[in-house]
A.B. asks: 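Below you'll find the structure I mean.
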Amino acid sequence: MEQIRSIKGTRDILPAEALRWQEIEEIIHDFMELHGYGEIRTPAFEQTNLFTRGVGAETDIVSKEMYSWVDQGGESLTLKPELTAPVVRAFIQHNLAGKAPINRLYYIDSLFRRERPQKGRQRQFHQFGIEAFGSPHPEQDAEVIAIAYKIWGVFGIDEITLHLNSIGSPEIRPEYIQTLRDALATHADKFCHTCNNRLKTNALRVFDCKSETCQYLLDEHAPMILDHITAEDREHFDRLCELLDGMGIAYRLNKKMVRGLDYYTRTTFEITSPVLGAQNSLCGGGRYDRLVEQLGGKKTPAIGFAAGIERLLLALSKKEQLQENPVADIYMITLGNASLIRSLSIADDLRREKGLRVIVETLRRSLKAQLREANRCGANYAVILGDNELVKNIALVKNMKDGEQLKIPLDELEEAFTIGTEHHHTADES
RNA sequence: GUGGCUGUAGUUCAGUUGGAUAGAGCACCUGACUGUGGCUCAGGAUGUCGUGGGUUCGAGUCCCAUCAGCCACCCCA
């Protein structure tokens, strides 16, 4: 029979790795709450047109990467390929703007894009991120960027680069794109053919080309959008730079960084890490002052970012090897029927009263095999309770580190592990 | 969607110009130690050689297709 496998681009996270995820999620929760952000969780799927309207029908994400289907009621639904649009939808739907002048939200979530998998790219993947609604001022940009910048240090990732740019207000864009096309028209034959296509359809994207010749030509001949923004845009950007300087946040002015989604206005930023390979972006974000309005809400300025958790893990794995962690403090070894019943209730007492992780044998193995198992799962103690011990009302408590073994009366067993617990924790912290 | 590389035991991999019963390390199990783990030693189990077809006296090896994985393009976190 054919084996059923997980879908291409999806994967299982097994216990040893899941522990890493739990640690990471905990760090994110703590860090965001430290900055006054509250968690938001939105549904796994939405109406398809939330994304066509919010992200832009012409973007790659919407035009060819969405998992969409028509449900039994005839409605077109889509697994979320992006998290800003759903958060904006929730913001509008629950009238958060009416409840407070400013809303700071964060999330940790799964998203889905039908792309060809490669290093750092899955079809179901995870992001954490924040969205701050309500403030049009550069200090809001500075707050969001500072969070995006500082959190990597908490994870122990130091080698990062913050790229910063402003693509100005949307009004200037048609005029700028025309200027760009005109400037590059005379060199069109030297650009690669994808760039020539981009110039016609989505001109800003030429800046993303990985070809060295194209990049060289852009440096030589392309007008930069940052040099064409309005005076107000410029003032906003300059003030943001001042604030970042003041916070000691190092950034690289990257005039060629234009972001892929339609909704960005003014500030855009990205954080890259050299350890990731071709997909070197850890985190990307920017301001989107028109999106709330565009999705039917009251005009509200906003800025946010999203960071890839798989990529964070990838950057982290260069530093630390994954290892099997101990899963139990005590392994209960049983030999015989009567002792099994007693062991089960003792195990429950130890879990409930002492908070110890206890596993009871369920394979009816030999004593030797059970001790091997105790060793394998990292238990500090094995409690041996066979029918021989049961008639004497004792248990043998074996310290797995030094091999020392004591006879303990069953009614003193819990107490014996009060000392054991302290032992365990001090050993852990050293 | 396009291109390149790779699929052999639980796992990491070896397998000669196509040749007999497909191997090794680690892991697992058993014993030495009849109810005492780790270390050591001795032994043991484990394979639709990704799948389907073809060439051949003979295919893990060559050819075609297909599926999966990885990497890159596209694009993005």
A.B. asks: At less than 4.0 Å, is any side-chain N or O atom of Arg372(A) found next to OP1 or OP2 of C29(B)? Yes or no.
C.D. replies: yes

A.B. asks: Without decimals, in angstroms, what is the distance between Gln405(A) CD and G38(B) P?
C.D. replies: 15 Å

A.B. asks: Tell me which nucleotide among C75(B), G1(B), U36(B) gets nearest to the side chain of Arg116(A).
C.D. replies: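 Nearest to the side chain of Arg116(A) among the choices is G1(B).
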
A.B. asks: How many whole angstroms separate atom CZ of Arg311(A) from atom C1' of C76(B)?
C.D. replies: 6 Å

A.B. asks: Should Lys8(A) be listed as having a side-chain N or O under 4.0 Å from OP1 or OP2 of G69(B)?
C.D. replies: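 Looking at the OP1 and OP2 atoms of G69(B), one of them is under 4.0 Å from a side-chain N or O of Lys8(A).
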
A.B. asks: Check every strand shown and say whether Glu404(A) touches a base, only sugar-phosphate, or nothing at a heavy-atom separation below 4.0 Å.
C.D. replies: nothing

A.B. asks: When the P atoms of C41(B) and G4(B) are considered, how many whole Å apart are they?
C.D. replies: 48 Å

A.B. asks: For the residue pair His187(A) and Phe191(A), is the inter-centroid distance of their aromatic rings smaller than 6.0 Å?
C.D. replies: no

A.B. asks: Checking side-chain polar atoms at under 3.5 Å, does Thr334(A) have a donor or acceptor matched by the opposite partner on Glu361(A)?
C.D. replies: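 Per modelled atom types, Thr334(A) and Glu361(A) side chains form no pair under 3.5 Å.
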
A.B. asks: Can a side chain N or O of Lys368(A) be found less than 4.0 Å away from OP1 or OP2 on U36(B)?
C.D. replies: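 So the side-chain polar atoms of Lys368(A) never come under 4.0 Å of the phosphate oxygens OP1 or OP2 of U36(B).
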
A.B. asks: Report which part of the nucleic acid Ile384(A) touches: base, sugar-phosphate, or nothing (heavy-atom distance under 4.0 Å, all strands).
C.D. replies: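 Answer is base: heavy atoms of Ile384(A) come under 4.0 Å of a base.
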
A.B. asks: Are OP1 or OP2 of G4(B) and a side-chain N or O of Gln118(A) less than 4.0 angstrom apart?
C.D. replies: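 Gln118(A) to G4(B) OP1/OP2: no side-chain N or O under 4.0 Å.
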
A.B. asks: Give me the distance, rounded to whole Å, that separates A20(B) from C29(B) when you measure between the P atoms they each carry.
C.D. replies: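 So the two P atoms sit 34 Å from each other.
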
A.B. asks: Round to a whole Å and report the spacing from CZ of Arg5(A) to C1' of A68(B).
C.D. replies: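 About 6 Å, once rounded to whole Å.
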
A.B. asks: Send over the distance from Leu335(A) CG to U36(B) C1', rounded to a whole Å.
C.D. replies: 10 Å

A.B. asks: Taking atom C1' in both G10(B) and C57(B), what distance in whole Å separates the two?
C.D. replies: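 That atom pair is separated by 37 Å.
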
A.B. asks: Answer with base, sugar-phosphate or nothing: what part of the nucleic acid does Gly120(A) contact at a heavy-atom distance below 4.0 Å?
C.D. replies: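 Counting heavy atoms under 4.0 Å across all strands, the contact made by Gly120(A) includes a base.
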
A.B. asks: Distance criterion of 3.5 Å, no angle test: do you see the side chain of Lys398(A) paired donor-to-acceptor with the base of U36(B)?
C.D. replies: yes

A.B. asks: Under 6.0 Å between ring centres: does that hold for His29(A) and Tyr106(A)?
C.D. replies: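 They qualify: ring centres under 6.0 Å apart.
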
A.B. asks: For C26(B), what is the paired nucleotide under Watson-Crick or G-U wobble rules, both distances under 3.5 Å?
C.D. replies: G10(B)

A.B. asks: Relative to the 5' end of RNA chain B, which residue comes earlier, Arg121(A) or Thr10(A), by the nucleotide with the nearest heavy atom?
C.D. replies: Thr10(A)

A.B. asks: At 4.0 Å (heavy atoms only), tell me whether Leu312(A) reaches a base, stays on the sugar-phosphate, or touches nothing.
C.D. replies: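 Nothing, no heavy atom under 4.0 Å.
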
A.B. asks: Is there a Watson-Crick or G-U wobble partner for C41(B) with both distances under 3.5 Å, and which nucleotide is it?
C.D. replies: G31(B)

A.B. asks: What does G1(B) pair with, Watson-Crick or G-U, if both distances are under 3.5 Å?
C.D. replies: C73(B)

A.B. asks: When you match Gly9(A) and Gln279(A) each to their closest nucleotide on RNA chain B, which lands nearer the 5' end?
C.D. replies: Gly9(A)

A.B. asks: Nearest-Å distance, CG (Asp208(A)) to P (A77(B))?
C.D. replies: 11 Å

A.B. asks: Give a yes or no on whether a donor-acceptor pair under 3.5 Å exists between the nucleobase atoms of G37(B), that is its base, and the side chain of Asn375(A).
C.D. replies: yes

A.B. asks: Roughly how many Å apart are G60(B) and G50(B), using the C1' atom of each and rounding to a whole number?
C.D. replies: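 It works out to 12 Å between them.
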
A.B. asks: With rounding to whole Å, what would you report as the distance between C49(B) and G23(B) at their C1' atoms?
C.D. replies: 12 Å

A.B. asks: Using atom C1' of each nucleotide, how far apart are A77(B) and C62(B) to the nearest Å?
C.D. replies: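 It works out to 44 Å between them.
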
A.B. asks: For A65(B) and C28(B), measure between their P atoms and round to the nearest Å.
C.D. replies: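 A65(B) and C28(B) have their P atoms separated by 43 Å.
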
A.B. asks: Classify the nucleic acid contact of Ala278(A) as base, sugar-phosphate or nothing, counting any heavy atom under 4.0 Å across all strands shown.
C.D. replies: sugar-phosphate

A.B. asks: Has the side chain of Gln370(A) got a donor or acceptor atom sitting under 3.5 Å from an opposite partner on the base of U36(B)?
C.D. replies: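 No pair found.
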
A.B. asks: How many Å lie between OH on Tyr381(A) and C1' on U36(B), as a whole number?
C.D. replies: 17 Å

A.B. asks: Is the closest side-chain donor-acceptor distance between Thr272(A) and His163(A) under 3.5 Å?
C.D. replies: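 The answer is yes; a qualifying pair exists.
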
A.B. asks: Given C70(B), C74(B), A77(B), identify the nucleotide with an atom nearest to the side chain of Lys64(A).
C.D. replies: C74(B)

A.B. asks: Find the distance Asp60(A):CG to C73(B):C1' and express it as a whole number of Å.
C.D. replies: 13 Å

A.B. asks: Using a distance-only test with no angle check, is there a side-chain donor-acceptor pair under 3.5 angstrom linking Tyr107(A) and Glu131(A)?
C.D. replies: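 Judged by distance alone, the side chains do pair up.
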
A.B. asks: Would you mind telling me which of G1(B), C75(B), G37(B) lies closest to the side-chain atoms of Leu371(A)?
C.D. replies: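 Among the listed nucleotides, the one closest to the side chain of Leu371(A) is G37(B).
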
A.B. asks: Ignoring backbone atoms, test whether Arg376(A) places a side-chain nitrogen or oxygen under 4.0 Å from the OP1 or OP2 oxygen of C28(B).
C.D. replies: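 Indeed, a polar side-chain atom of Arg376(A) lies that close.
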
A.B. asks: Report the relative orientation of the aromatic rings in Trp152(A) and Phe128(A); use parallel for angles under 30°, tilted for 30 to 60°, perpendicular for over 60°.
C.D. replies: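 Trp152(A) and Phe128(A): tilted rings.
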
A.B. asks: Any side-chain donor paired with an acceptor under 3.5 Å for Asp219(A) and Gln215(A)?
C.D. replies: no

A.B. asks: Using distance alone, with no hydrogens and no angle criterion, decide if Gln140(A) and Glu143(A) have a side-chain donor and acceptor under 3.5 Å apart.
C.D. replies: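 Result is yes, a qualifying pair exists.
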
A.B. asks: Write down the partner of G52(B) under the Watson-Crick or G-U wobble criteria, each distance required to be under 3.5 Å.
C.D. replies: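 Partner of G52(B): C64(B).
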
A.B. asks: In whole angstroms, how far is the C1' atom of U36(B) from the CE atom of Met400(A)?
C.D. replies: 9 Å

A.B. asks: Taking the same atom, C1', in U55(B) and in G44(B), what whole-Å distance lies between them?
C.D. replies: 40 Å

A.B. asks: Once you apply the 3.5 Å cut-off to both distances, tell me the Watson-Crick or G-U wobble partner of G47(B), or none.
C.D. replies: none

